[in-house]
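Right, one structure below, let's go through it.
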Amino acid sequence: MILAGQEVDIGEIVLHHTADAYSIEFYPIGKVAWHRWPDTHLGPLTLNLTPTKHVAFLALAAVLVFLTMKLAGRALARQRAGENAPKGFATLMEGLVLWVRDDIAIANIGHDGKKFAPLIMTLFFFILYSNLLGLLPWGASPTGNLAVTASLAIVVFLTIEIGGFVKLGPRGYLRSIFPRVEGLGPTGAAVMSVAMAPIEIIGKLVKPFALAVRLFGNMTAGHFVILSLFGILFLFGNLGPWSYGIAGVTVLLVFGIMLLELFVAFLQAYVFALLSAVFIGLMQHEH
């Protein structure tokens with residue numbers, strides 16, 4: 001595609017703005033870039049610990065979660081000290097926290113949900129901020145990186161399995177892999193139990209895989225759609241007066257997609273927290 005004498009590669013533009021990098025662009029002002037650190041060798045493993053753009057926005061999301069909870073806590077403490085009802089920002093955050101605790105964590109995990117509520121709340125707000133950062137000018141969505149969503153899913157997976165082991169005990173946990181089959185003799189039950197073990201193990205691994213891929217796919221797809229729609233401007237930029245009409249329609253479409261992405265940012269944080277609570281609850285009540 002050629003525009004104003006220069007070749008424009010829409011695919012490269014889309015991938016450039018959605019991929020990770022060792023820089024943060026502030027177009028058209030400039031960009032902040034840093035050099036890649038030397039590799040670190042741990043036996044046969046070669047690692048590079050250079051922070052990337054997504055790592056920077058992950059840190060920013062973590063700071064925002066901390067500041068949000070800290071400021072909300074102080075506001076609630078001041079209002080209650082003065083025997084005043086919560087209002088404003090404090091009311092909003094208190095309602096969100098209680099909703100995540102009661103309607104997501106406890107409702108799906110049960111009485112033990114109180115123990116896991118801090119983790120579920122952290123996942124919800126952290127993913128929410130990470131999603132929203134990608135909608136800001138010059139921003140980036142860390143949850144559009146499969147390594148990030150996979151790391152979050154691994155945390156949930158370890159919580160499910162370790163929490164289940166503690167709650168069920170060694171014998172009960174093994175039953176979640178080698179289930180008891182009723183209605184068969186001892187030999188038949190043992191054979192069926194061993195035969196079902198691979199299915200149970202695959203089921204355990206599918207849960208974090210589904211969490212990681214669902215969040216990654218949904219957050220990446222929206223950015224691809226928005227950037228691809230902007231590519232229409234390049235495709236029809238040489239049509240004279242018609243290009244202005246096409247540009248107007250494109251802007252309206254992009255604005256609509258941005259509003260949808262705002263909804264998806266909340267929805268995906270809710271879905272990840274909800275499924276995490278459901279999976280933890282299923283393991284806590286495994287028989």
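The two residues K53 and D20 have their closest heavy-atom pair at N-OD1, 3.3 Å. Contact between K114 and P118 at its shortest, heavy atoms only, is O-CD, 3.5 Å. Heavy atoms only, all atoms of each residue included: I24 and W34 are closest at CG1-CH2, 3.9 Å. A61 and F126 make their closest contact through CB-CE1, 3.9 Å (heavy atoms, listed as atom of the first residue, atom of the second, distance). Closest approach of P51 and V55 over heavy atoms only: CB-CG1, 4.0 Å.
Put simply, CD1 on I201 and CE on M196 are 12.0 Å apart, with the number rounded to the nearest 0.5 Å. Annotation: the span from Q268 atom CD to F272 atom CZ amounts to 10.5 Å, rounded to 0.5 Å. The structure places CG of L267 at 11.0 Å from CD of E261, a figure rounded to the nearest 0.5 Å. Distance CD1/I104 to CG/L98: 12.0 Å, rounded to 0.5 Å. Once rounded to the nearest 0.5 Å, the distance linking OH of Y270 with CG of L123 reads 14.5 Å. Note that CD of E200 is 10.0 Å distant from CD1 of I202, once rounded to the nearest 0.5 Å.
Residues F263 and L215 are members of one and the same hydrophobic cluster, defined by side-chain heavy-atom contacts under 4.5 angstrom among Ile, Leu, Val, Met, Phe, Trp and Tyr. Cluster annotation: I127 is not connected to F209 through the hydrophobic network of ILVMFWY side chains, with a link wherever side-chain heavy atoms come within less than 4.5 Å. Residues V194 and M192 do not share a hydrophobic cluster, defined by chaining ILVMFWY side chains whose heavy atoms lie under 4.5 Å apart. F216 and V271 sit in two unconnected hydrophobic clusters of ILVMFWY residues. Membership requires side-chain heavy atoms under 4.5 Å apart, directly or through other members. Hydrophobic clustering of Ile, Leu, Val, Met, Phe, Trp and Tyr side chains at less than 4.5 Å, counting indirect connections, keeps F66 apart from L132.
The backbone N or O of A277 sits nowhere less than 3.5 Å from a side-chain atom of N108 that would complete a donor-acceptor pair. Put simply, the side chain of S193 gets close to the backbone of P179: a donor and an acceptor are under 3.5 Å apart. Using a distance-only test at 3.5 Å, with no hydrogens or angles considered, a donor-acceptor pair links the side chain of Q284 to the main chain of G163. Checked by atom type and distance alone, the side chain of T40 never pairs as donor or acceptor with a backbone atom of N48 at under 3.5 Å.
For the pair F116/I106, no side-chain contact is recorded, criterion being any heavy-atom separation below 4.5 Å from C-beta on. Between F57 and L136 there is no side-chain heavy-atom pair separated by less than 4.5 Å. When side chains are defined from C-beta on, L47 does not count as touching D39, because their heavy atoms never get closer than 4.5 Å. Residues V166 and Y173 have side chains not in contact (no heavy-atom distance under 4.5 Å, counting atoms from C-beta outward). Between L168 and R175 there is no side-chain heavy-atom pair separated by less than 4.5 Å. Contact check for M283 versus S176: side-chain heavy atoms found under the 4.5 Å cut-off. Side-chain atoms of V97 and M69, non-hydrogen and from C-beta on, do get closer than 4.5 Å to each other. T220 is not listed as a side-chain neighbour of N145, based on a closest heavy-atom distance of 4.5 Å or more.
Counting side-chain heavy-atom gaps under 4.5 Å among Ile, Leu, Val, Met, Phe, Trp and Tyr, the cluster of F255 also holds L259.
Pairs passing the side chain to side chain donor-acceptor pair (under 3.5 Å) check and including a residue from residues 117-141, sequence neighbours excluded, read T68-Y129, N131-T143, S141-T143. A salt bridge (charged side-chain N to carboxylate O under 4.0 Å, His left out) check over residues 157-168, counting only residues at least two apart or in different chains, returns the pairs D112-K167, E161-K204.
With sequence neighbours left out, the side-chain hydrogen bond (donor to acceptor under 3.5 Å, both in side chains) criterion links Y22 to R36. When the side-chain hydrogen bond (donor to acceptor under 3.5 Å, both in side chains) test is applied to D102, no partner is found at least two apart in sequence or on another chain.
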- Would you sort out whether F125 and L96 count as a side-chain contact (heavy atoms from CB on, under 4.5 Å), showing the intermediate values? CA-CA 10 Å; F125 287 104; L96 276 175; 3.9 Å; yes
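Dense packing is recorded around CZ of F89, with more than 12 heavy atoms of other residues, nucleotides or ligands lying under 6.0 Å away.
Between F124 and W99, the ring planes are perpendicular. Angles over 60° get that label, and only those under 30° would be called parallel.
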Sequence neighbours left out, cut at 3.5 Å: what donor-acceptor pairs do the side chains of residues 149-158 make with other protein atoms?
residue, atom, partner, partner atom, Å
T149, OG1, L146, O, 3.1
T149, OG1, A212, O, 3.1
S151, OG, A147, O, 2.8

